[in-house]
Amino acid sequence: MAFHAALPNDVPDVLGVLQSITPYQPESLNQELFGAGWKSETARLEMMAAWNSLVELAEAVTNMDLQEQVTFDLTLHRDITYYTGLVFEVFAPGVGAPIALGGRYDDLLAQFGSAAPAVGMAFEIERVLAVLNAPTLNHRAMTPRASNAVGQMGGQGDQDAKGYAGGGL
């Protein structure tokens, strides 16, 4: 792991550190980790920028009152080379596995002649159908929150959320 190779020598348990911090509590990242001792100043600065971005995202999630629905697992990793940053999974009640997976892949489109930053995701259709067929799930109750979240995070409001999520998941 290239990131681990750039960490200070006194960070023996990287997974332990990642499990103990959350961007909902910015102070949970020990400020000493930002300090000296890094083998690469570039890596330290990249880590600081990534952490600050996660803190901003957590603040946006909190402002939308979605912190009970959105968690951050900083140990999540996919060994797919086209991901260049954040990866994520989407879970739903009653399904013990992700219903969608995705991430940031800034370099992938350049391989097809159209360089652009990108985020994408794929839905696991069988799992989505399991959620939609669950007898206890009230889909209509979820629509306003899903629609509002998409609108506030850069979509075009309720119509996009309803159009892409079949009324809101």
Rounded distance (nearest 0.5 Å) linking atom [atom1] of [X] with atom [atom2] of [Y]:
X   : Y   : atom1 : atom2 : value
I21 : L29 : CD1   : CG    : 4.5 Å
W51 : L74 : CH2   : CG    : 6.0 Å
E46 : E41 : CD    : CD    : 10.5 Å

* Structure fact -> Residue set satisfying side chain to side chain donor-acceptor pair (under 3.5 Å) with T75, at least two apart, ordered chain then number -> D73

* To do: List for me each residue that meets side chain to side chain donor-acceptor pair (under 3.5 Å) alongside R104, sequence neighbours excluded, and say none if there are none.
  => D106

* To do: Output, in order, the C-alpha distance, side-chain angles, deciding distance and verdict of side chain to side chain contact (heavy atoms under 4.5 Å, CB included) for Y24 and V70.
  => CA-CA 10 Å; Y24 288 124; V70 178; 3.6 Å; yes

* Asked: Residues two or more places apart in sequence or in another chain: which of them pass ring pair (Phe, Tyr, Trp, His ring centres under 6.0 Å) with F91?
  -> none

* All ring pair (Phe, Tyr, Trp, His ring centres under 6.0 Å) counterparts of F88, not counting sequence neighbours -> none

Exercise: identify the closest heavy-atom pair between [X] and [Y]:
X    : Y    : result
A97  : R127 : CB-CZ, 3.5 Å
S40  : A43  : OG-N, 3.1 Å
V131 : P93  : CG2-O, 4.4 Å

* Are L76 and L101 joined in one hydrophobic group, where the rule is that I, L, V, M, F, W and Y side chains link up if heavy atoms are under 4.5 Å apart? -> no

Distance-only check: which donor-acceptor pairs under 3.5 Å involve side-chain atoms of residues 112-126, not counting sequence neighbours?
none

* Qualifying residues under side chain to side chain contact (heavy atoms under 4.5 Å, CB included), relative to Q25, sequence neighbours excluded -> T22, E27, S28

* Asked: Can you list every salt bridge (Lys or Arg N to Asp or Glu O under 4.0 Å) pair that touches residues 89-98, not counting sequence neighbours?
  -> R78-E89

